[in-house]
Amino acid sequence: MPLPLPSKKAETLILKLISTMPCPPLLNPSQLHSPPPTSLLPNCRTIKELKQIHSQIIRTGLANCPAERARLLSFCCTQHSIPGHLNYARLLFDQIPHPEPALWNSMIRAYSEHDSPADAVSMYIRMLASHSKPNNYTFPFLLKSFTRHVAANLGDGFHAHAIKFGLSSNHHVQNALIHMYSVSGETDTARQLFQRGWKGDAVMWNVMISGYNRRKQYDEACTLFGEMEKENVDPNEVTFISVLSACAKLKDLEFGNHVHHMIEEDGGKTIPNQKLQNAIIQMYAGCGAMDIAWRLFETMGSRDVVTWTSVVVGFANVGQVDRARGLFDKMPKRDVVSWTAMIDGYVRMNRNKDALDLFRKMQETKIQPDDFTMVSMLTACAQLGALEVGEWIRGYMERNRMKMSTVVGNALIDMYSKCGCLESARDIFRKMNSKDKFTWTAMIVGLAINGHGEKALNLFSEMLQASVRPDEITFIGALSACSHSGFVEEGRELFLSMITTHGIMPNVAHYGCLVDLLGRAGQLKEALETISNMPMRPNSTVWGALLGASRVYRNVEMAELAACCILELEPGNGACYVLLSNIYAKCNKWDEVQRVRKMMMDRGITKQPGCSLIEVHGEVHEFVAGDRSHRRSDDIYFKLEEMGRELKLAGYVSDTSEVFPDIEEEQKESAVYQHSEKLAVAFGLLNCKAGETVRVVTKMRICNDCHNVIKLASELYGRHIVVRDRTRFHHFRDGDCSCKNYW
DNA sequence: GTAGGGTTAG
């Protein structure tokens, strides 16, 4: 029977005892009759075998032979596949009375490769305390592990140490320092070191180019590659891979082509290996040149998971998401990146249900989703308003102790606020200890679309106080907060401060917010003036804001102007005809109503079927107006009729003013009563227990009648009903709506 | 017994 292995504690004691025991006669390997135990190391696969070799070393009296000891320690430090290798290395190391610099370096490297910069640093400090001097190897090992945070806080100090110990002229140390500064985000400092460094071969150039890539400074990466050409330094495979990656990110096909030609005309010096071939395909795919990428893919000798993923992503990015899926299904091997890329491809094409389905398929495999997967999934949930799935994902991450990075936190805030759960969104926001501009922006937008304009603006001030620089999206959030809450003056000031204080030039969307803000406040003339003074061509959103305001304030002239401009830009915009005819109807201009109706018939304009979504028990249900396809359709229409009867008793009168003018008067009432929003709400009332919030997402602007019905239903059934429409939330409670009847 | 650079996804 094999002896039981000693416990950790016993092991430490044994090792201590051994080190204090009288030594066996000191030998060196040449005095042995058989090969030294360390010659067995290349075949060592488990911690048990490692311990056997170690005991042989002790038994043969080689334990104090520096070379044998070093061989064992070095082996131990690098065996990442053996669990516990690092702790065992540390135990060995701690038994050595005066370790030489190389042994300290080995330990520092081991911690560094284990992604434990704190341990690597503390090893370095112990090294200094024991009067060992760092050498040329020390800093490359140490600095390699630095995260952004560590590099930003300790980087300068270690740079100073390197100088103090006279190591700063060594190429390896210089490269390590450049790498470290680019990790910390200080590419300018990195560049200064680069300028002074030795640039005879490609390595330092590679460090600098990849440093720029790391900080998304792709232009600089390409420019530096150009300088390298001028200086006649031969790029190698690594250089090509980095610069092609930069081209892909920039979508710079011309420069990418140039690099590809350089590789081909390299006179055989660079024979593209798998990684370089992947980088070439990925460059073409990234630039959207799928014909070339596909040709290269087809003629490629061997394809790995990266090759496949690159073309899958490429097709998804040019909108051919079904072709991407076809390839994905054919992949011989898929890893977490390929799954996530495909899921994300669906999300970006707004095929969120497909994304959810694919995630379920992924869970049938052994491949674990990571934080990237979760961000894509949370985005899908946000777009669908799928709160239950979103919450499940949050729980999944907690159960599996997954990394809660800032990006994940941001996605959670976005998911919660787009599901109308502001409290949960704010809870995540409060708990996040590192907030970036996206965190603040997500929360500001969340507050704004949920009707908390004042809180959104307060948070915007807090953001400025925290010295986080807002970007153009933050201003969209802040401006729409003003607009939704009627803060006209604040909005105007904000718009000006955007240019004067923050140096951000407003784009067409910002002007849209401004027009909306003025229009909602009834300042139609000012709104029109704003449009005519815009430095760019107004788009249909801008005119749409004016049209909406004209409807509320019954300004026929302005409405006609706005509608004409929209139809000029988008002749097939059915909603615009409807809105215009509604305005005519409200002003009793029936001839005009008929004229618009005829115009639509002549031009063959039909109403695009808008749909509404509701998530029940983790499943997303989709409805279009008059939908009979749902498996519980009969129940839904029964519920709808029951609602109708009860609401009529409570005083409800149907409002058919916004019905598409292509149907006869007597059918209008039933048409309006089968709107997808109502079907979804009825389904929600059928399936959600008393006290549960009913949450519906609709892709359109909610109509007056639906708004009335849901308001009454919230009172009649004592329910909180949340409807997210195209631009904002309606929180219906006790017969009232958070939008204050302006949307 | 120890050194440097790279590809796929938010």
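What's counted below: heavy atoms across the whole structure, side chains too, no hydrogens, waters or symmetry copies. Below, chains carry the letters A, B, ... as their sequence lines are ordered, and counting in each starts from 1.
Between Glu49(A) and Arg45(A), none of the side-chain N atoms (NZ, or NE/NH1/NH2) sits under 4.0 Å from a carboxylate O, so this pair counts as no salt bridge. A salt bridge between Asp322(A) and Arg351(A) is present, with a side-chain N of the basic residue lying under 4.0 Å from a carboxylate O of the acidic one. Ion pairing between a basic and an acidic side chain is recognised when a charged N comes within 4.0 Å of a carboxylate O; Arg295(A) and Glu298(A) show no such pairing. The pair Arg90(A)-Asp94(A) meets the salt-bridge criterion, with a side-chain N (NZ, NE, NH1 or NH2) lying under 4.0 Å from an Asp/Glu carboxylate O.
Considering only side-chain N and O atoms, Arg214(A) lies under 4.0 angstrom from the phosphate OP1 or OP2 of dG6(B). At the phosphate of dT8(B), OP1 or OP2 sits under 4.0 Å from a side-chain N or O atom of Ser245(A). Taking 4.0 angstrom as the limit, Ser210(A) places a side-chain polar atom (N or O) nearer than this to OP1 or OP2 of dG6(B). Distances shown here put every side-chain N or O of Arg69(A) at or beyond 4.0 Å from the OP1 or OP2 atom of dG1(B). In this model, the phosphate group of dT8(B) is approached by a side-chain N or O of Lys249(A) to a distance below 4.0 Å at OP1 or OP2.
Ring planes of Tyr124(A) and His161(A): tilted class, angle from 30 to 60°.
Closest approach of Cys381(A) and Met415(A) over heavy atoms only: CB-CG, 3.8 Å. Minimum interatomic distance between Lys199(A) and Trp205(A) (heavy atoms only, all atoms of both residues): O-NE1, 3.1 Å. Across all non-hydrogen atoms, the minimal contact from Thr406(A) to Ser434(A) is OG1-OG, 2.8 Å.
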TODO: Under the side chain to side chain contact (heavy atoms under 4.5 Å, CB included) rule, what do Phe240(A) and Val259(A) come out as? Steps first, then yes or no, please.
DONE: CA-CA 7 Å; Phe240(A) 286 131; Val259(A) 177; 3.7 Å; yes

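Using a 4.0 Å heavy-atom cutoff across all strands shown, Gln174(A) reaches no nucleic acid atom at all. Base engagement by Val337(A) is indicated by at least one non-hydrogen atom pair under 4.0 Å involving a base atom. If you check every strand for non-hydrogen atoms under 4.0 Å, Asp201(A) touches a base. When heavy atoms are screened at a 4.0 angstrom cut-off, Ala279(A) is found touching no nucleic acid atom at all. Counting non-hydrogen atoms under 4.0 angstrom, Phe240(A) reaches nothing in the nucleic acid. At a threshold of 4.0 angstrom between heavy atoms, the contacts of Leu244(A) with the nucleic acid are absent.
In this structure, the OH atom of Tyr212(A) is 18 Å from the C1' atom of dG6(B), given to the nearest Å. Counting to the nearest Å, the P atom of dG4(B) and the CG atom of Asn135(A) are 13 Å from each other. Between Leu73(A) atom CG and dG1(B) atom P there is a gap of 13 Å when expressed in whole angstrom units. Here the P atom of nucleotide dT2(B) and the CG atom of Asn175(A) are 20 Å apart, to the nearest Å. The CG atom of Leu72(A) sits 15 Å away from the C1' atom of dT2(B) (whole-angstrom rounding). When rounded to the nearest whole Å, the span between CE of Met228(A) and C1' of dG6(B) equals 13 Å. A straight line from CG of Asn273(A) to C1' of dG6(B) spans 9 Å, rounded to a whole angstrom. To the nearest angstrom, P of dA9(B) lies 11 Å from NZ of Lys216(A).
In the set dG1(B), dT7(B), dT2(B), dG1(B) carries the atom at the smallest distance from any side-chain atom of Leu103(A). In this structure, of dG6(B), dA3(B), dT7(B), it is dG6(B) that holds the atom nearest to the side chain of Ser242(A). Minimum atom distance to the side chain of Ser74(A) is reached by dG1(B), of the listed dG6(B), dT8(B), dG1(B). Of the listed nucleotides (dT8(B), dT2(B), dA9(B)), dA9(B) has the atom at the smallest distance from the side chain of Arg348(A). Comparing dG6(B), dG1(B), dT8(B) by their nearest atom to the side chain of Glu100(A) picks out dG1(B). Relative to the side chain of Ala102(A), the nucleotides dG1(B), dG6(B), dA3(B) differ in distance, and dG1(B) lies closest. Here the side chain of Ala70(A) is nearest to one of dT7(B), dG1(B), dG4(B), namely dG1(B). Of the candidates dA9(B), dG6(B), dT2(B), the closest approach to any side-chain atom of Arg109(A) belongs to dT2(B).
For the atom pair CE (Met404(A)) and CE (Met374(A)), the distance works out to 12.5 Å, reported to the nearest 0.5 Å. Separation of atoms CG (Asp252(A)) and NE2 (His258(A)) is listed at 10.5 Å; rounding is to 0.5 Å.
One N or O donor and one acceptor, one from the side chain of Asn170(A) and one from the base of dA3(B), sit under 3.5 Å apart.
The aromatic ring centroids of Phe139(A) and His172(A) lie 6.0 Å or more from each other. For Tyr88(A) and His54(A), the distance between ring centers is under 6.0 angstrom.
Across residues 365-381 of chain A, Asp370(A), Asp371(A), Phe372(A), Val375(A) each have a non-hydrogen atom less than 4.0 Å from an atom of DNA chain B (numbered order). Contacts with DNA chain B (heavy atom under 4.0 Å) in residues 290-301 of chain A: none are found.
Counting only Watson-Crick and G-U wobble pairs whose two distances sit under 3.5 Å, DNA chain B takes part in no stem of three or more pairs.
A donor-acceptor pair under 3.5 Å is absent between the side-chain atoms of Gln174(A) and the main chain of Phe194(A), judged by distance alone.
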